[in-house]
Amino acid sequence: MISLTPAEIDALLLSLRISGVAVACALPIAVLTATALALGRFPGRFILDAIVHLPLILPPVVMGYLLLIGFGTRAPLGAWLYETFDIRFVFSWTGAALASAIVSFPFQVRAIRLSLENINHGLYQAAESLGAGPIDRFFSLTLPLAWPGIIAGAITAFAASLGEFGAIITFVSNVPGETRTLPLAIYTAIQTPGGELAAARLAALSIGLAFAGLMLSELAMRRIRKRAAS
Amino acid sequence: MISLTPAEIDALLLSLRISGVAVACALPIAVLTATALALGRFPGRFILDAIVHLPLILPPVVMGYLLLIGFGTRAPLGAWLYETFDIRFVFSWTGAALASAIVSFPFQVRAIRLSLENINHGLYQAAESLGAGPIDRFFSLTLPLAWPGIIAGAITAFAASLGEFGAIITFVSNVPGETRTLPLAIYTAIQTPGGELAAARLAALSIGLAFAGLMLSELAMRRIRKRAAS
Amino acid sequence: PASAWSKDITVFAAASLTNAIQTAANRYKEETGAHIRLSLASSSTLARQIAAGAPADIYISANQKWMDWLSDQDLIMANSRHDILANNLVLIAPTNSTVAPLTDITKDTSLLGLIDADDRIALGDPDHVPAGIYAKQALTTLGQWENLAPRLARADNVRAALSLVERGEAPLGIVYRTDAMISDGVKIIGTFPENTYTPITYPIAMMKPQADNGALKFLVWLLGDDAAAIFADYGFNAVANKATIIPDTAAQ
Amino acid sequence: MSITINVSHNIGKFSLDADFSIAGPGITALFGPSGSGKTTIINIIAGLTRPQRGHVQLNEHVLFDHARSINVPVRKRRVGYVFQDARLFPHLSVRDNLYYGAKRNPVKLSAPDQQEIIDMLGIRELLDRLPSNLSGGEKQRIALGRALLANPDVLLLDEPLSALDQARKEEILPYFENLRDQRKLPILYVSHAIDEVARLADQMVVIENGQTLASGSVFDMLGRTDLAPLAGQFDTGTVLPARIASRDPKAQVSFLETAGQRIVVPYLGQPVNTQVRIHIRARDVLISRTPPEGLSANNIIPVTIIRMTESTENTVDVSLAFGHDTDALHAGTAPDRPILHARITSWSSGRLNLGLHQKVFAVIKSVTVNGNLRDH
Amino acid sequence: MSITINVSHNIGKFSLDADFSIAGPGITALFGPSGSGKTTIINIIAGLTRPQRGHVQLNEHVLFDHARSINVPVRKRRVGYVFQDARLFPHLSVRDNLYYGAKRNPVKLSAPDQQEIIDMLGIRELLDRLPSNLSGGEKQRIALGRALLANPDVLLLDEPLSALDQARKEEILPYFENLRDQRKLPILYVSHAIDEVARLADQMVVIENGQTLASGSVFDMLGRTDLAPLAGQFDTGTVLPARIASRDPKAQVSFLETAGQRIVVPYLGQPVNTQVRIHIRARDVLISRTPPEGLSANNIIPVTIIRMTESTENTVDVSLAFGHDTDALHAGTAPDRPILHARITSWSSGRLNLGLHQKVFAVIKSVTVNGNLRDH
Ligand SMILES: Nc1ncnc2c1ncn2[C@@H]1O[C@H](COP(=O)(O)OP(=O)(O)OP(=O)(O)O)[C@@H](O)[C@H]1O
Ligand SMILES: Nc1ncnc2c1ncn2[C@@H]1O[C@H](COP(=O)(O)OP(=O)(O)OP(=O)(O)O)[C@@H](O)[C@H]1O
Ligand SMILES: [Mg+2]
Ligand SMILES: [Mg+2]
């Protein structure tokens, strides 16, 4: 294999870090949101559903712009975060993770929700009759039974994060070593006449990374399904 | 409501057409692919799985570039299609639909696959013992039982198509009335200093469209789930 | 679809020309009735599309490199390439900025000194966005590149850089003068000396194979004074020595 | 136990109007044809179905009262519910399924008690399996074990033994009796097997088409020939309380006493004076004009024919009151006199020339003795 | 029907070695404790489980042969399989579930036949429901209807009546007999209810722990007291072929003849000389030293005690050969002589002083007659 340039390694590691953090942080929220959507009956349910889908519908560039408006250091929320916790999203990799998380959020929610809706209601009744309260049931039944969906959602989200471009470049710019992920690096290469080869190398790297991730997840999934086959 | 300009109406209708065609054409293929991945046991299964995920992982710009290379009129395949069938993808709305379909394909496959994997295998056995062959089972059991996933997949894909930007602008350019969908129109507006208002109007249009679609799908889903509640 | 395209004159123009080229096209339609089809995207995207067979009649690039790239592939009508516009590079700040306007930007002007420790200067990505490439030249000439490189916010395009400054995320930005002039959210606090970077010129050319004479007529019109006036409205400079050689085909 | 249930509930076209009240401890059988509403009633008691009107009370606890807006949450009702479909948790091993409820109940069974349940159900070897790898009957046993191990305050059993073989049932039924007698656990039991019901139940509720058809002591209910069509044609009979009068370990018999009559049964382990229950089926009773000699039947009881009903299929249902003192019977001074039921063919009745008020002998082929009776 | 099955198959720690062959038409009962491998065998015959070794043959069709790599696909086997769990299609109405197989079979039942099935199962009112809105027994009936309406070539029934009440069973059982007799449909029947088995089955296969313990005619099997622990303690007995000798419609009796012995039973509709089957349970047989007089039992048969076995629980199993001609019995010249079984208490045996070779009388309390017998 051709050895990687430091810039390529930078982009690779950065992509992994950003996607990993994005998925890890978004997952619990996605699980909760999906649970609310799948099992809950509350007034704002439809609005919540719509909001979750927003990042899908709006072009990533618009999402990036909206993030800038919401989380920029001059925006009230962003300013507050910056002053109080010294958290700054703009121009930093955490911002890229935030953008990735938001853009890939709908995939996670969809997949998890689909799994949740497939759980046989009778099992909840059984658990309830055995003394399990709502939170107990959530951890002892809902979560483990929704594993296939949670994993599927996490994979899709991870893959989508790896490929996320528009929202990142708009929100946090294209700073080498800080926010220049693989897609941004590929984009940069493609924008340059004669940059095709560099772009192809980076694309191959992306693909390899994704294959490895898929392979891992496939194995995990298979083990889970073997357990739960019914 | 503020009345829409002709250009906005153009972009809206175009977006609807492109997303609709993209989802409608990709759906059958997605169902087949998901079936193969969920139920089949064949050697190339993992490779197929990986290929399906590619459009997610690669930045849309790269996808668009690859499409350009593959389907451009100077490319062998594109030239052949053009000369033989007078089909031209590049720079036409059909190309935009192709790009949307490919980019949103993974979402459809994931959702459908998740539903398929939840179907109780015992039902297939029952159907088989009652004389149903594989194709018969596919239409009488698999498809109807996977409806929730198929609808979820179609919605997600439709939403993602509505928001697709990078692949479309790279593959088919940004031609008003032909390939300038809502996201491209938003992009064009944003390129103009002071175009924020126009961009916001267009974004609001996108959101309204998506809400309407979500609402419809939610209703459809609810009816299906009521039937299949078990 | 192919037939629908052939009726019109198709112009692929760099996204930074969006407003100006649209106004020009409208005016031309009023005058001649000819319909202009515009496609606006980044110069690189457009160039690659043309190379892939896009049915463009005219291409206006924001820099020379991509025009050269097409020219190398023999996709440009001989003699049809001209510089149509020129632009300048300026230093901007948000309208409410307290940074005092600079009369001159020289080697002694410390741009770094104008921003806080963790602030960045927004510009187009010097790796590929033309405005960024020019900015890099200017900063290098001024001996400030080394210091500033790690402190840049590299935007996807000039407009994105502009909006970073408009929103105050970046206290300073380097953009084209045209962009700075049209935006209400920023003010120009300095202009980079013209000798610090290659003159910014937008080349225009006819693409091969040429569909009909209409496109050529439009190209000639764009090079004319009427068009120049429109471009001037949007802050573009006229090119000093605009070539006047009209390709042979135009005469026919 | 006392259960009072008075509820109305409509699902689709089906409307349930359950109204019965059971006093006294023990096992209550819910009996009725398929689709009559048994599972719905159990669900209402468990709290899984919230009835549209009425109230439900278990002992002193009001579980549900529509008027007073009381609805105790399911998990606070501490019911051990064995569902008609097993409802095992597919992702948990058999062991984790079994202990799911036990873990959540602060009042746990002792370890030996837990092991006893596992052994009784014969599921020790299945502990590490997943539910998907079990046979139908195995699933049912795990479901039963899961409910028992949770140490509930009331057991709701919806056909808990339907998929099990007779041998296994013989091991489980005494356990239910034991729970009732030792742990005083109230049990509601849905079953289609009148054998099981007769053996286990103290009280019986008969449901048909969502309506309570009859409810009361199993002693009365099993003698009611009008319920026979529901129970299956050969299975009415008499259930009588009896007392162990004496025992002969060498001859391997026990002598019981009921209503002044001696009954011989195979040897019972319990001490003298223990109260037991005997079940004499109509099909196990023969009628003889004279006291027969040299017959293997151990119990021959002088009785008087007090009712003869032609039933379908050329058979006659004969009701036989204990004793030959017809005067007392006629005077109505012996209202509590036990009554046996016999079902014989019309031909046989004609051949023996049987008639009302005749003094005959009931020949009892076999008597089933069902464990201890508690005080009542 | 002839079924030959000789297969080995391992799932997890369970290993099945089924090896039996059933000749002659009719109903075959698969009998065995929970987890013994009954469902696995049915699955192998249906083709849903592919055994690791061996072969399966149904009539002249080889369904599976490991050595010859034959494996007829499930849907070509045309089995009507009633699964232990109903497996209704959740997205289809009851009607669509019922007709799922019928639609796919070119050889359809006539419309009246279809309607008869629906009425017999009492599911007409459920046709527009979805399976999720059915009670447990209703689901089971739909599953049964679905298999029957498909007009299969063989019926595989895995506890098809376990969730149904006695009355409903009484309506369905004659239908199975009818299928066997009129349509000559081979039926494999898993059940834990020995009553059902004795009534329906012609052949019986007993499985335990994956091994074929015994197989053969139900006439022989039900008399085998060694299998009693499996069947439940009170349910062994004798099944005998008999002929209707004469009928008395006025007295509402029929007289049967079996092995030269007259048996009185309630009136039967069938004409004289029809072959029927009678089932005499051990628990329904009394032994008398002298021919009793004035007893309501209609059948008193002279028999000779040929075996006495102490069984558990203070009871004695007594085998009784028809007739008092002990010499013929001893000389072995009467090998086909029918044998009755009686189960009496040890105390009673001692009281009557019963012993081997004694000539006594069997008092038969009741005889169950089971429909037509086909030629065999
Ligand atoms: N997937 C599996 N993995 C391991 N063991 C299994 C699996 N499936 C079934 N078994 C075991 O195989 C044996 C036979 O199962 P089978 O379902 O044939 O029993 P059965 O006779 O039908 O019992 P029941 O009357 O309870 O339905 C059981 O002991 C069961 O535990
Ligand atoms: N969701 C529903 N919609 C309409 N009818 C229903 C629904 N659920 C149950 N029923 C009807 O309610 C009646 C009572 O059902 P239930 O389950 O209580 O019967 P069951 O007595 O337990 O019968 P089984 O012995 O067959 O289990 C049945 O007639 C059934 O068809
Ligand atoms: Mg029920
Ligand atoms: Mg089974």
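In what follows, chains carry the letters A, B, and so on, assigned in the order in which the sequence lines appear, proteins first and then strands, with residues in each chain numbered from 1.
Atom NZ in D/K13 sits 7.0 Å away from atom CG in E/D128 (nearest 0.5 Å). Between atom NZ of residue D/K169 and atom NE2 of residue E/H192 there is a gap of 8.0 Å, rounded to the nearest 0.5 Å.
For E/V265, no part lies under 4.5 angstrom from a heavy atom of chain D. There is no contact between E/R129 and chain D, counting heavy-atom distances below 4.5 Å. Contact annotation for D/V190: neither backbone nor side-chain heavy atoms come within less than 4.5 Å of a heavy atom of chain E. The part of D/V363 that comes within reach of chain E is its side chain, from C-beta onward, which places non-hydrogen atoms under 4.5 angstrom from that chain. Both the backbone and the side chain of D/S162 come within less than 4.5 Å of a heavy atom of chain E. At a 4.5 Å heavy-atom cutoff, the contact between D/S348 and chain E is made by backbone and side-chain atoms alike.
Here the closest heavy-atom approach between residue D/D284 and residue E/D284 is recorded as OD1-OD1, 4.1 Å. The minimum heavy-atom distance linking D/D165 with E/G32 is given by the pair CB-O, 4.4 Å. Here the closest non-hydrogen pair linking E/Q84 and D/A163 is NE2-CB, 4.5 Å.
Of all the listed residues (D/F14, D/F361, D/W347), the one sharing the greatest number of non-hydrogen pairs under 4.5 Å with chain E is D/W347. For the options E/V253, E/I344, E/T39, heavy-atom pairs under 4.5 Å to chain D are most numerous at E/V253. When each of D/S288, D/G37, D/G12, D/G350 is scored by its heavy-atom pairs under 4.5 Å with chain E, the top score falls to D/S288. The choice from E/D85, E/D158, E/I11, E/V264 that makes the most heavy-atom pairs within less than 4.5 Å of chain D is E/V264. Chosen from E/A342, E/A297, E/G122, E/S349, the residue pairing most often with chain D at heavy-atom distances under 4.5 Å is E/A297.
Contact annotation: the side chain of E/E138 approaches that of D/S34 to within less than 4.5 Å [non-hydrogen atoms, C-beta and beyond]. Side-chain atoms of E/T290 and D/L295, non-hydrogen and from C-beta on, never get closer than 4.5 Å to each other.
When the shell of 6.0 Å around CD of E/E125 is examined, it contains 12 or fewer heavy atoms from other residues, nucleotides or ligands.
When each of D/L352, D/V316, D/T345, D/V360 is checked for a side chain to side chain contact (heavy atoms under 4.5 Å, CB included) with E/S296, only D/L352 meets the rule.
At distances below 3.5 Å, not a single donor-acceptor pair connects side-chain atoms of E/R351 with backbone N or O atoms of D/G294.
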